[in-house]
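Scroll down for the structure; my scribbles are underneath it.
Quick note on labels: first sequence line is chain A, next is B, and so on, each numbered from 1. Source: prediction; values computed, not measured. FYI, side chains are in, hydrogens and waters are out, and symmetry mates aren't considered; it's all heavy atoms of this structure.
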Number of protein chains: 2
Amino acid sequence: MSEAPTSVACSNCSLRELCMPAGLAPGELARIDELVATRRKVRRGTALFQAGEPFTSLYAVRTGFFKTCVASGDGRGQVTGFQMAGEIIGLDGIVNDRHTCEAVALEDAEVCVMPFDRIAELAREVGALQHHLHRVMSREIVREHGVMLLLGTMNAEERLAAFLLNLAQRLHARGFSSSELVLRMTRQEIGNFLGLKLETVSRTFSRFAEQGLLEVRHRQVRIADPARLAGLLPNPGGT
Amino acid sequence: MSEAPTSVACSNCSLRELCMPAGLAPGELARIDELVATRRKVRRGTALFQAGEPFTSLYAVRTGFFKTCVASGDGRGQVTGFQMAGEIIGLDGIVNDRHTCEAVALEDAEVCVMPFDRIAELAREVGALQHHLHRVMSREIVREHGVMLLLGTMNAEERLAAFLLNLAQRLHARGFSSSELVLRMTRQEIGNFLGLKLETVSRTFSRFAEQGLLEVRHRQVRIADPARLAGLLPNPGGT
DNA sequence: CGGAAGTTTGAAGATACTCAAGCGCAGTGG
DNA sequence: CCACTGCGCTTGAGTATCTTCAAACTTCCG
């Protein structure tokens with residue numbers, strides 16, 4: 001929709017360490033700047049892309065917050081992930097040149113548009129970029145393994161604890177507090193990610209609050225006792 | 001363990017369409033033959049690789065049947081997939097040069113060992129291989145989205161129906177019957193994949209048999225009414 | 001052939017879901 | 001500025017589904 005031909009440079013971007021390969025030669029870095037054709041603003045509640053749309057580009061989140069969802073024929077949907085600054089969206093489209101999930105902004109957002117054929121072309125010449133791309137895709141596969149473990153083996157408390165700790169950790173890596181967080185998504189959306197109904201999510205929040213693990217005021221969450229919250233996870237000596 | 005320096009040629013392999021890119025120039029095909037360093041036999045019940053092991057290679061299943069599992073700190077485990085001839089195993093290892101899941105042979109099996117650095121090197125020169133690799137990784141991401149939908153939104157009957165139809169479809173693509181199948185995995189392993197207990201899997205099989213959807217004798221399954229079985233899925237106009 | 005492993009089935013119980021009602025905050029318009 | 005409306009959140013009561021525990025049976029493999 002709003003394709004602003006903003007002048008852009010990854011080389012100056014504060015998110016560079018998050019979404020670009022490390023250890024590039026200066027010349028290579030300059031070439032990677034060419035990757036990001038444009039930026040694109042996405043209004044809260046609107047889709048960056050939808051299922052079925054032709055695939056052209058990967059997107060790096062610059063600001064804002066996204067969810068990605070797959071839908072089954074009837075109304076049911078599964079949120080496959082939430083993406084924040086520095087994270088890559090759109091890898092699902094590569095197989096069939098068509099997106100199979102949709103990406104929706106949970107708040108006004110901006111993404112860097114990276115045409116995939118240009119990425120592929122440059123990856124053939126810049127080894128570090130090639131390796132980075134492989135790692136990004138592999139990381140997504142491993143992340144999804146974790147979600148499968150969550151959905152397949154954990155109860156409601158474990159799921160919510162894992163979700164909150166993961167969110168906190170990612171926010172912390174971006175310089176935010178690791179204990180104070182503002183949820184960008186509704187209880188419904190959390191439920192659609194965790195495989196729970198929104199009432200169950202709400203009840204579990206309340207139970208955590210009663211137990212002194214959290215302080216919850218709507219979307220404002222403080223992790224009061226991170227150690228005990230982490231103790232709920234089935235992953236004591238986690239990787 | 002058993003690394004046999006078998007002489008190997010993808011160009012003659014009957015599985016070529018499954019695991020190699022299409023439309024290669026003759027010269028390119030010859031170079032891809034170099035990719036497969038060796039084959040490796042894996043005995044039933046033993047691991048092709050384990051979580052924590054250094055990552056070196058991707059593996060293409062030649063014969064046999066695998067499961068891949070992730071484990072949480074305590075005993076719990078989630079089967080992330082079952083792999084058959086022509087399918088690729090090991091993509092999880094790329095991110096951190098270390099495997100995060102284990103791959104176990106469910107029956108005596110053989111795989112083609114493809115050193116990843118050699119794949120990456122060749123992908124830089126052969127565009128079709130590069131694109132193929134991207135597609136393989138993206139396909140895995142999309143497949144996992146489907147599993148997440150299954151685990152997050154479906155009940156026991158829907159899960160088992162989806163599992164059986166998926167298995168039948170993949171076997172059919174390999175020239176086997178699409179209605180007659182022999183399960184290579186235990187009820188326990190099916191349960192660990194579908195997020196159900198083995199008893200629930202067993203009961204659901206029995207219920208399907210009562211309803212005339214299946215004929216089940218232990219691991220021998222005949223899909224008696226594929227249409228009605230497919231009708232159970234939440235995906236009437238599915239992609 | 002014998003034992004271990006895998007499968008089936010039943011009964012009781014736990015967890016999460018459904019249905020329902022009420023509350024609270026945010027944004028809108030009087 | 002305040003009331004109003006809508007959406008999201010919370011909480012309760014009853015219910016469905018899946019799990020747990022247990023026992024018996026079958027198959028497979030050594």
**Request:** Give a yes or no on this: more than 12 heavy atoms of other residues, nucleotides or ligands lie within 6.0 Å of atom CZ of A:Arg43.
**Result:** no
**Message:** Within the supplied structure, the quantity of interest is the number of heavy atoms (other residues, nucleotides, ligands) at a distance under 6.0 Å from A:Arg44 CZ; does it exceed 12?
**Reply:**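 Not more than 12 within 6.0 Å, no.
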**Message:** According to ring-ring contact (aromatic ring centres under 6.0 Å, His included), who are the partners of A:Phe55, at least two apart in sequence or on a separate chain?
**Reply:**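 For A:Phe55, the residues satisfying ring-ring contact (aromatic ring centres under 6.0 Å, His included) (neighbours in sequence not counted) are A:His99, A:Phe116.
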**Within-4.5 Å side-chain heavy-atom neighbours: A:Leu106 and A:Phe66** =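 No. Closest side-chain heavy atoms not under 4.5 Å.
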Considering every strand and a 4.0 Å limit on heavy-atom distances, what is the contact class for [X]: base, sugar-phosphate, or nothing?
X        : value
B:Gly45  : nothing
A:Ser206 : sugar-phosphate
A:Arg219 : sugar-phosphate
B:Thr186 : sugar-phosphate
A:Leu196 : sugar-phosphate
A:Gly195 : sugar-phosphate

**Asked** Do the numbers put B:Arg184 on top of the ring of B:Phe82, so that NZ or CZ is under 6.0 Å from the six-membered ring centre and no more than 45° off the axis?
**Response**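 Pair B:Arg184/B:Phe82 does not count as cation-pi.
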**Given B:Leu183, B:Leu196, B:Thr200, the one that forms side chain to side chain contact (heavy atoms under 4.5 Å, CB included) with B:Ile190** =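 Passing option: B:Leu183.
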**Item:** Leading and trailing nucleotides of DNA chain D with any atom under 4.0 Å from heavy atoms of chain A
**Value:**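 It runs D:dG8 to D:dA13.
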**Request:** Tell me which of B:Arg217 and A:Val201 sits closer to the 5' end of DNA chain D, going by the nucleotide each one is nearest to.
**Result:** A:Val201
**Prompt:** Thinking salt bridges, do A:Arg143 and A:Glu140 make one under a 4.0 Å N-O criterion?
**Reply:** yes
**Prompt:** Going 5' to 3' on DNA chain C, which nucleotide is the first and which the last to come under 4.0 Å of a heavy atom in chain A?
**Reply:**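 On DNA chain C, the outermost contacted nucleotides are C:dA16 to C:dC25.
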**Request:** Examine the side chains of B:His145 and A:Gln78 and answer whether a donor and an acceptor come within less than 3.5 Å of each other.
**Result:**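 Side-chain D/A pair, B:His145 to A:Gln78: absent.
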